Amino acid sequence: MTTVAAYAAPAAKAPLERTTIERREVGEFDVLIDIKFAGICHSDIHQAREGWGEAIFPMVPGHEIAGIVSEVGAGVTKYQVGDRVGVGCLVDSCRECESCKAGEEQYCTGGNVGTYNAVGKDGEPTYGGYSEKVVVDENFVVRIPDALSLDVAAPLLCAGITTYSPLKHWNAGPGKKVAVLGMGGLGHMGVKIAHALGAEVTVLSQSLRKKDDGLKLGADHYYATSDEQTFKDLQGSFDLILSTVSAPLDFGAFLSLLKRDGALVNVGAPEEPIALNLFSVIAGRKTLAGSMIGGIAETQEMLDFCAEHGFGAEIEVISADQINEAYERVLASDVRYRFVIDTATI
């Protein structure tokens, strides 16, 4: 075992603090990564504060990891020392179920293993990217293209793939009208990716406060959902609405904005249950759906796509001692648009 510095939540809702954790020795098919940057995802806050249910403590969050390979196991064939790599939300899966064989490990029915707040196949808890180093099986590591700097690439490992996967699955592209609901860490990536795919993109946000940003990032239109006229003007407009919001919504109102056979796809996960009148779905043969991150191969595809189109995430780099402040700013929507920890400061 190797001892490394990390920032951990010692208990639910407790402030994160500097500590040390143990990383396993590099196995035959493992890659040791010197972490350079780690993004802060809203789901880190949900889990550190047990918003989604009972969690494992102490918890080292972080599933947006970018770094450099510093050691490889004897059986590793995909990477070598010095490679620029990333790790997202998963570090293992059963590898045998239908989903895994299809390259969609995020839907593993045998039980995938999260990068943190999970138990690995060795029976030990997993610890995430708010740390100096991580050891990961090579099959759950992706290559970061040279065209992307590591800091702007880190959030792509969750925010990027979480929006890319449903946009691809529901065929966002030329001739399609796509609305991105929420202009935050996920939403701003949804705008960039939908625009790069060739769709006509509309942002639906509570206010017009971020309108200039949205248009600059690729949106064609920008509307405030706090304005009742928005729902009148846009009724029946969209082929696809991608909801990145992690708070309860009036889903009936947003379903009314879809065309016949349109889909409202959720990637945000509110802590509270929602109420829905099913006539909102029945009328117009509409779909209310969900999507969870993406598989390893699709994550690599997304990174290559972003590199080809010349963009990463919009970020604010912070030092590790600013993590707790950053959590509060995320909750206050006071970040444009993703905090990234410089792990050299841990």
Side-chain angles (χ1 to χ4, degrees), residues 1-8 19-41 44 59-93 105 112-118 120-122 124-161 293 295-297 299-300 302-304 306-307 312-313 315 317 320 323 340-346:
M1 304 287 281
T2 301
T3 301
V4 302
Y7 266 72
T19 186
T20 58
I21 57 173
E22 300 296 320
R23 295 294 193 189
R24 71 175 184 265
E25 293 302 320
V26 176
E28 183 179 3
F29 300 105
D30 284 339
V31 174
L32 175 64
I33 301 167
D34 290 342
I35 301 173
K36 300 301 182 183
F37 296 96
I40 292 179
C41 178
D44 297 345
M59 180 191 297
V60 178
H63 55 209
E64 297 181 338
I65 300 169
I68 305 293
V69 175
S70 58
E71 185 180 343
V72 298
V76 170
T77 59
K78 297 180 179 180
Y79 303 101
Q80 59 187 10
V81 172
D83 284 350
R84 307 165 79 252
V85 296
V87 179
C89 301
L90 303 176
V91 291
D92 211 342
S93 70
E105 298 90 350
N112 60 43
V113 178
T115 304
Y116 70 92
N117 192 29
K121 292 181 179 179
D122 58 2
E124 297 297 321
T126 58
Y127 297 122
Y130 298 8
S131 57
E132 294 177 307
K133 301 174 185 288
V134 66
V135 179
V136 183
D137 184 290
E138 67 171 332
N139 291 302
F140 288 81
V141 176
V142 289
R143 188 178 303 277
I144 295 177
D146 290 340
L148 293 172
S149 63
L150 293 179
D151 53 358
V152 302
L156 301 182
L157 277 304
C158 177
I161 187 59
I293 53 173
I296 304 304
T299 301
Q300 185 65 64
M302 174 275 306
L303 287 168
D304 295 340
C306 292
I315 64 170
V317 177
I323 292 173
V340 172
I341 304 162
D342 178 353
T343 58
T345 64
I346 290 179

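Bear in mind the structure is a predicted one, so any value in this text is a computation, not a measurement.
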**Message:** Within this structure, what is the CZ-CG distance for the pair Phe37 and Asp151, rounded to the nearest 0.5 Å?
**Reply:** 4.5 Å
**Item:** Nearest-0.5 Å distance that lies between atom OH in Tyr130 and atom CD1 in Ile35
**Value:** 11.5 Å
**Asked** In Å, rounded to the nearest 0.5 Å, how long is the span from CD1 of Ile21 to CE of Met59?
**Response** 13.0 Å
**Prompt:** About how many Å separate CD1 of Ile341 and OH of Tyr7, when rounded to the nearest 0.5 Å?
**Reply:** 9.5 Å
**Complete:** salt bridge (charged side-chain N to carboxylate O under 4.0 Å, His left out) filter on Lys133, not counting sequence neighbours, yields Asp34
**Message:** Has Thr345 got a side-chain atom pairing as donor or acceptor with Ala320's backbone, closer than 3.5 angstrom?
**Reply:** yes
**Fill in**
d(Asp342 CG, Lys36 NZ) to nearest 0.5 Å is 9.5 Å
**Asked** Stepwise, does the side chain to side chain contact (heavy atoms under 4.5 Å, CB included) test hold for Arg23 with Tyr127?
**Response** CA-CA 9 Å; Arg23 295 294 193 189; Tyr127 297 122; 3.5 Å; yes
**Item:** Qualifying residue for side chain to side chain contact (heavy atoms under 4.5 Å, CB included) with Leu90, from Val113, Val136, Asn112
**Value:** Asn112
**Asked** Does Lys121 use its side chain to pair, donor to acceptor, with the backbone of Ser93 at less than 3.5 Å?
**Response** yes
**Prompt:** Looking at CD1 of Ile40 and CD1 of Ile323, how far apart are the two atoms once the value is rounded to the nearest 0.5 Å?
**Reply:** 5.5 Å
**Item:** Closest contact, heavy atoms only, Leu32 versus Val26
**Value:** CB-CG2, 3.7 Å
**Asked** If every non-hydrogen atom of Glu64 is compared with every non-hydrogen atom of Ala154, which pair is closest and at what distance?
**Response** CB-O, 3.1 Å
**Message:** The test is side chain to side chain contact (heavy atoms under 4.5 Å, CB included); show your working for Leu150 and Ile68 and say whether it passes.
**Reply:** CA-CA 9 Å; Leu150 293 179; Ile68 305 293; 4.0 Å; yes
**Message:** Hydrogens and angles aside, do Thr343 and Glu132 bring a side-chain donor and acceptor to less than 3.5 Å of each other?
**Reply:** no
**Prompt:** Nearest heavy-atom pair of Val152 and Leu156: which atoms, and what distance?
**Reply:** O-CG, 3.8 Å
**Asked** Would you say the side-chain atoms of Arg84 pair up with the backbone N or O of Ile144, donor to acceptor, closer than 3.5 Å?
**Response** yes
**Prompt:** For Gly114 and Thr126, which heavy atoms make the closest approach, and how far apart are they?
**Reply:** O-OG1, 3.0 Å
**Item:** Minimum heavy-atom distance between Asp83 and Lys78, given as atom pair plus value
**Value:** OD2-O, 4.3 Å
**Prompt:** Which ring-ring contact (aromatic ring centres under 6.0 Å, His included) pairs, counting each pair once, include a residue from residues 59-81, with sequence neighbours left out?
**Reply:** His63-Tyr116
**Item:** Minimum heavy-atom distance between Leu303 and Leu148, given as atom pair plus value
**Value:** O-CD1, 3.8 Å
**Prompt:** Could you walk me through whether Asp137 and Asp92 pass the side chain to side chain contact (heavy atoms under 4.5 Å, CB included) check?
**Reply:** CA-CA 7 Å; Asp137 184 290; Asp92 211 342; 5.7 Å; no
**Prompt:** When you look at Leu157 and Val87, which way does the side chain to side chain contact (heavy atoms under 4.5 Å, CB included) test go after all the steps?
**Reply:** CA-CA 7 Å; Leu157 277 304; Val87 179; 6.0 Å; no
**Item:** Residues in side chain to side chain contact (heavy atoms under 4.5 Å, CB included) contact with Glu124, at least two apart in sequence or another chain
**Value:** Asp122
